Chemist: 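The structure is given below, and queries will be raised subsequently.
Computed from a prediction, not measured in an experiment: that's the story for all the values here.
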There are 2 protein chains.
Amino acid sequence: MKELTIQQKKVLQCIKFYIKKTGFPPTRADICRELGFKSPNAAESHLRALEKKGYITIENGASRGINLTENTAEKSQTIPVIGLVAAGSPTLADENIEKHIPYQESLFLSDFDYFLRVKGLSMKDAGIMEDDLVAIKKTSEVRNGDIVVARIDDEVTLKYFQSSGNQIKLIPANDDFDEIYINKETEGFFIEGKSVGLIREN
Amino acid sequence: MKELTIQQKKVLQCIKFYIKKTGFPPTRADICRELGFKSPNAAESHLRALEKKGYITIENGASRGINLTENTAEKSQTIPVIGLVAAGSPTLADENIEKHIPYQESLFLSDFDYFLRVKGLSMKDAGIMEDDLVAIKKTSEVRNGDIVVARIDDEVTLKYFQSSGNQIKLIPANDDFDEIYINKETEGFFIEGKSVGLIREN
DNA sequence: AATTTTACTGAATATATATACAGTATAAAT
DNA sequence: ATTTATACTGTATATATATTCAGTAAAATT
């Protein structure tokens, strides 16, 4: 979809906000009032631009006849589920995506970017079992004690994070597994994100 | 909320359908067209009746200024979260409800009735930790190996279910806890439901 | 260098729309 | 028995609203 200008984005935001607030779309005059325009034609032309770029549809002749396009309306988005394969990075590349599941805002306390399908039992004492879906927020800002998605070359794992200086410890929650020691500057080492929630489908 | 007449229900349904179809509420004339009325005042009076009964609000002077009330709009339903208190049944009585969280259809494989907030670690080896939310489907039809919500008098617990004949075993997933043996016909024993999923909010 | 797009003001207008008023008739509530 | 609510038709109208036309000016594209 074609990119919007800053001003067009403002108008689109204004429409969304107005619908959320009132339950019905704004008139040209309403948009002018909200954004400080002095002519209804300012709103009109922006609306036609948004229509041309596919963000809204306009029912000609109808009052408040603005309809947000499917892509535009943030109804219930979907979140990708990514398999935790031993070899291969958990990127959002299409070939790694197992499926999409409907996403509900405020499902967890923090927002997140994708679900990781857990393989193995290395985190079982943390209550993370095989086939669980762990909600991952993409970030490299993690604290000691966080459960993180760490990549070492092509290997991806879910572990407790513990650092002191340049030394990083990746700690499993299972006595049958060993801790991993690694240096911050090690080539091929990267923190993909951290766990902010979990779903078990049974 | 006050009951609606058949005709008023038709009008309300018409409004909902119109919004779903077009993205904005209908005019009086639109309602007349949909329902075969010949006077805009027919729609007008029905709208005022719906307003009076609290199903919609009307912004006076605004075109299409109809807004569905919170109860009326079937946005995303909410599911109650119930605390697993040692004494006290996990019924859906108001005093037991901790909060409501937004519900997304097909979040789990099966549908469910409420979330149970887990206290204690008696099921930790099953990956069920303190404060987890276990999705419970109300049913007494459970199979061996199911994780069930069992009530014994006023005590409510989450355990593995195992039965042979009249003998029932409630098995914890933690060596520090003991199995519970009980008879099917025991007074005060009841299977409230079974677990069909889990959410951890971190 | 010429054209298109963006980003408006300002005025004018046809029409879409809410809404009031005048009736008619039946059912329900007080 | 009387009032109120339901369920409309039919007419009328003030105004809310979309939309066109005439401009101005800067930025982006071709």
Chemist: Using a 4.0 Å heavy-atom cut-off across all strands, classify Ala62(B) as base, sugar-phosphate, or nothing.
Modeler: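 Sugar-phosphate contact only.
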
Chemist: What is the distance, rounded to the nearest whole Å, between atom CD of Glu3(B) and atom C1' of dA29(C)?
Modeler: 16 Å

Chemist: Any side-chain heavy atom of His46(A) within less than 4.5 Å of one from Phe37(A)?
Modeler: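 Counting from C-beta outward, His46(A) and Phe37(A) do come under 4.5 Å.
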
Chemist: May I have the distance from Asp30(B) (atom CG) to dT19(C) (atom P), rounded to whole angstrom?
Modeler: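 Interatomic distance, CG of Asp30(B) to P of dT19(C): 15 Å.
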
Chemist: Tell me which of Thr5(B) and Ile58(A) sits closer to the 5' end of DNA chain D, going by the nucleotide each one is nearest to.
Modeler: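 The 5'-side residue here is Thr5(B).
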
Chemist: Between dT11(D), dT19(D), dA7(C), which nucleotide has the shortest distance from any of its atoms to the side chain of Gln7(A)?
Modeler: dA7(C)

Chemist: Could you pull out all residues at least two apart from Asp30(B) that satisfy side chain to side chain donor-acceptor pair (under 3.5 Å)?
Modeler: Tyr18(B), Thr27(B), Arg33(B), Arg64(B)

Chemist: Begin with the C-alpha distance, continue with both residues' side-chain angles, and end with the deciding distance and a verdict on side-chain contact (heavy atoms from CB on, under 4.5 Å) for Leu198(B) and Ile128(B).
Modeler: CA-CA 8 Å; Leu198(B) 181 145; Ile128(B) 300 175; 3.7 Å; yes

Chemist: Whole angstroms only, please: what is the NZ-C1' distance between Lys38(A) and dA7(C)?
Modeler: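 Rounding to the nearest Å, NZ of Lys38(A) and C1' of dA7(C) are 14 Å apart.
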
Chemist: Can you name the one residue among Leu47(B), Asn67(B), Val11(B) that meets side-chain contact (heavy atoms from CB on, under 4.5 Å) with Ile56(B)?
Modeler: Leu47(B)

Chemist: Among dA7(C), dA7(D), dT19(C), which is the nearest nucleotide to the side chain of Gln8(A)?
Modeler: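 Nearest nucleotide to the side chain: dA7(C).
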
Chemist: Could you check whether Asn41(B) gets within reach of a base, just the sugar-phosphate, or nothing at all, counting any heavy atom under 4.0 Å?
Modeler: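 The residue Asn41(B) makes base contact.
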
Chemist: Does Asn183(B) form a side-chain hydrogen bond (donor to acceptor under 3.5 Å, both in side chains) with Gln167(B)? I'd like the steps, not just the answer.
Modeler: CA-CA 5 Å; Asn183(B) 195 287; Gln167(B) 179 77 60; 5.8 Å; no

Chemist: Below 4.0 angstrom, which residues in residues 43-53 of chain A have at least one non-hydrogen atom near DNA chain D?
Modeler: Glu44(A), Arg48(A)

Chemist: Can you figure out which of dT9(C), dT6(D), dA18(C) approaches the side chain of Phe37(A) most closely?
Modeler: dT9(C)

Chemist: Using whole Å, what does the distance between atom C1' of nucleotide dC8(D) and atom CD1 of Ile31(B) come to?
Modeler: 14 Å

Chemist: Which heavy-atom pair separates Phe177(B) from Leu121(B) by the least distance, and what is that distance?
Modeler: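 Taking Phe177(B) first and Leu121(B) second, the nearest heavy atoms are CE1-C, 4.3 Å.
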
Chemist: Could you give the angle between the helix axes at the two ends of the helix from dA1(C)-dT30(D) to dT30(C)-dA1(D), with five pairs per end, rounded to 10 degrees?
Modeler: 40°

Chemist: Taking it one step at a time, do Tyr181(B) and Glu179(B) satisfy side-chain hydrogen bond (donor to acceptor under 3.5 Å, both in side chains)?
Modeler: CA-CA 7 Å; Tyr181(B) 294 86; Glu179(B) 295 178 354; 2.8 Å; yes

Chemist: In whole Å, I'd like the distance from the CG atom of Leu35(B) to the C1' atom of dA7(D).
Modeler: 13 Å

Chemist: Nearest whole Å is fine: how far is dA5(D) C1' from Ile6(B) CD1?
Modeler: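 For the pair Ile6(B) CD1 and dA5(D) C1', the rounded distance is 15 Å.
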
Chemist: Which heavy atom of Ala126(B) sits nearest to which heavy atom of Ile147(B), and what is that distance?
Modeler: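 Closest pair (atom of Ala126(B), atom of Ile147(B), distance): CB-CD1, 4.4 Å.
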
Chemist: Which is it for Lys21(A) and Glu34(A) under the salt bridge (charged side-chain N to carboxylate O under 4.0 Å, His left out) test, yes or no, and what are the steps along the way?
Modeler: CA-CA 13 Å; Lys21(A) 199 179 64 178; Glu34(A) 296 279 343; 3.6 Å; yes

Chemist: May I have the distance from Arg28(A) (atom CZ) to dA14(C) (atom P), rounded to whole angstrom?
Modeler: 19 Å

Chemist: Check every atom of dC8(C), dT19(D), dA16(C) against the side chain of Ser63(A) and return the nucleotide holding the closest atom.
Modeler: dA16(C)

Chemist: Expressed as a whole number of angstroms, how long is the span from Glu59(A):CD to dT15(C):C1'?
Modeler: 15 Å

Chemist: Can you tell me if NZ on Lys10(A) sees more than 12 non-hydrogen neighbours from other groups inside 6.0 Å?
Modeler: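 Check fails, neighbour count at 12 or below.
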
